[in-house]
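Below you'll find the structure, written out as structure tokens, and then a few comments.
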Amino acid sequence: MLQVNLNNPMEIQIIGMNALKEALGPIGTVRFLRQYNPGYGDYTSERQAMPDIDPDETIASIREFKQKKQQGSL
């Protein structure tokens, strides 16, 4: 078994990447790593801060915009 200094994060990263590349190949490694993107922000608080949107009002606004655009009012 390979001896790894667990107190050295860079060593762990290098050995781990090499193990992934050996097991999955370069494309498989990239696909695997993309699954673990932690993202950013706070979805819950951002979602709660959004106003309630009425779909009917949104559709009406879009239609009004398109009509004004066709008439050259914009």
Side-chain angles (χ1 to χ4, degrees):
M1 178 147 204
L2 186 62
Q3 291 293 324
V4 180
N5 179 358
L6 297 177
N7 293 321
N8 184 337
M10 184 60 79
E11 185 176 342
I12 294 170
Q13 185 176 9
I14 290 169
I15 292 171
M17 287 293 186
N18 288 336
L20 282 173
K21 285 191 286 186
E22 185 177 321
L24 301 175
I27 294 172
T29 298
V30 170
R31 288 183 178 164
F32 175 80
L33 293 172
R34 290 181 71 191
Q35 293 178 31
Y36 294 93
N37 180 352
Y40 56 90
D42 184 348
Y43 174 81
T44 303
S45 65
E46 290 172 11
R47 179 69 180 118
Q48 290 172 351
M50 291 177 66
D52 289 333
I53 299 172
D54 179 13
D56 294 328
E57 287 180 25
T58 303
I59 292 169
S61 295
I62 292 169
R63 288 184 176 144
E64 182 181 340
F65 175 80
K66 284 183 176 181
Q67 187 177 27
K68 287 180 180 179
K69 188 174 179 182
Q70 287 175 348
Q71 294 172 352
S73 302
L74 293 177

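Only a predicted model underlies this, so the values are computations on that prediction, with no experimental measurement involved.
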Closest non-hydrogen contact found for Thr29 with Leu24 is N-CB, 3.8 Å
Joint hydrophobic cluster, Tyr36 plus Leu20, side-chain heavy atoms closer than 4.5 Å
yes
Are more than 12 heavy atoms, taken from residues, nucleotides or ligands other than Glu22, located less than 6.0 Å from that residue's CD atom?
no
Gap between atom CD of Gln48 and atom CG of Asp42 - 0.5 Å precision:
8.5 Å
Check this for me: Gln35, atom CD, are more than 12 non-hydrogen atoms of other residues, nucleotides or ligands nearer than 6.0 Å?
yes
Gln3 versus Glu11, closest heavy-atom pair with distance:
O-OE2, 3.9 Å
Atom pair CD (Gln13) and CG (Asn8), whose distance is rounded to the nearest 0.5 Å
10.5 Å
So do Leu6 and Val4 actually touch side chain to side chain, heavy atoms under 4.5 Å?
yes
Euclidean distance, Glu46 CD relative to Thr44 OG1, rounded to 0.5 Å
9.0 Å
Does the side chain of Ile12 reach to within under 4.5 Å of the side chain of Asn5, using non-hydrogen atoms?
no
Shortest non-hydrogen separation from Asn7 to Pro9 and the atoms involved:
O-CD, 3.4 Å
